[in-house]
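Both backbone and side-chain heavy atoms feed into the values below; hydrogens, waters and symmetry mates do not. What you see is a predicted model; the values in this text were computed from it and never measured.
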Amino acid sequence: MTSQASAHPGTSILAVLPAEHRKRLMGLAHEVNFPQATRLFEEGATADRFWIIQTGIVALDVQIPGRGRTVVETIGAGSLLGWSWLCPPRQWHLGAETRNPVSAWEFDATEVRELCAANPTFGLVLVTLVAETIGHRLRATRTRLLDLYGPQGSGPRP
């Protein structure tokens, strides 16, 4: 069975997962709640879990030498929070902090990787969705950093 699942920014990852795969993934979910201004993870720390946000907003940030944390994107309901758990060395590439109270489904990364290995069709669909998230986050980070630090008027010259 082949799936054409594709997540677009603002679309819940759960909405695009085929029902059988969504059921498998949600079998590993634990509901969690975080108050406003909670640091969920720091850039460079071990990435051993991820979340799908139910409600609330999370700011993703990078550490910029001499400037501290700079927010590169904010994400909300339906968004996948965390992808670094999938790719060695399994360390967070960004930091994350709640902007308001957040409820989410939390997943243990080891359990999900084991499920992917045991069910290759599920694994391919999930990894494809995570890869789309990575691509979106990299583009958003690049755009934000260019906005902050790019040369003014750096467009094409006549």
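- The line from CG of L81 to CZ of F41 is 4.5 Å long, rounded to the nearest 0.5 Å.
- Taking CG of D108 as the reference point, atom CD of E111 lies at 4.5 Å (rounded to 0.5 Å).
- Residues passing the side-chain contact (heavy atoms from CB on, under 4.5 Å) test with N119 are R24, L115, F122, sequence neighbours excluded.
- Rounding to the nearest 0.5 Å places CD of E97 at 9.0 Å from CD of Q36.
- Between L17 and R22, the shortest heavy-atom contact is O-NH1, 2.7 Å.
- For the side-chain contact (heavy atoms from CB on, under 4.5 Å) with W85, the lone residue among R113, Q91, R49, R90 that qualifies is R113.
- Residues forming a ring pair (Phe, Tyr, Trp, His ring centres under 6.0 Å) with F107 (at least two apart in sequence, or on another chain): F50.
- The shortest heavy-atom contact between P18 and V125 is CD-CG1, 4.0 Å.
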Start with the C-alpha gap between L129 and L80, add the side-chain angles, then the distance that decides, and say whether side chain to side chain contact (heavy atoms under 4.5 Å, CB included) holds. CA-CA 9 Å; L129 289 171; L80 173 67; over 6 Å; no
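- Note that the CD1 atom of I75 and the CD1 atom of I57 stand 8.5 Å from one another [nearest 0.5 Å].
- The two residues L126 and C116 have their closest heavy-atom pair at CD2-SG, 3.9 Å.
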Would D48 and T110 satisfy side chain to side chain contact (heavy atoms under 4.5 Å, CB included), going step by step from the backbone distance to the final call? CA-CA 7 Å; D48 61 354; T110 301; over 6 Å; no
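- Annotation: the span from L60 atom CG to L40 atom CG amounts to 9.5 Å, rounded to 0.5 Å.
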CA sep, side-chain torsions, deciding dist, call: N100, T55, side chain to side chain contact (heavy atoms under 4.5 Å, CB included): CA-CA 9 Å; N100 54 15; T55 62; over 6 Å; no
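- In terms of modelled atom types and a separation under 3.5 Å, the side chain of Q63 and the main chain of E43 share no donor-acceptor contact.
- For the atom pair T70 OG1 and L94 CG, the distance stands at 11.5 Å (nearest 0.5 Å).
- With hydrophobic clusters built from ILVMFWY side chains whose heavy atoms lie under 4.5 angstrom apart, L124 does not share a cluster with I134.
- Other residues, nucleotides and ligands contribute at most 12 non-hydrogen atoms within 6.0 Å of the CZ atom of R99.
- When all heavy atoms of Q54 and A77 are compared, the pair lying nearest together is O-CB, 3.2 Å.
- Remark: side-chain polar atoms of T98 are paired, donor with acceptor, to backbone N or O of T38 under 3.5 angstrom.
- In terms of heavy atoms, W92 sits closest to G82 at CZ3-CA, 3.5 Å.
- Shown here for G78 and I52, the closest heavy-atom pair between the two residues is O-CG2, 4.1 Å.
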Taking it one step at a time, do W105 and L25 satisfy side chain to side chain contact (heavy atoms under 4.5 Å, CB included)? CA-CA 10 Å; W105 289 292; L25 181 63; over 6 Å; no
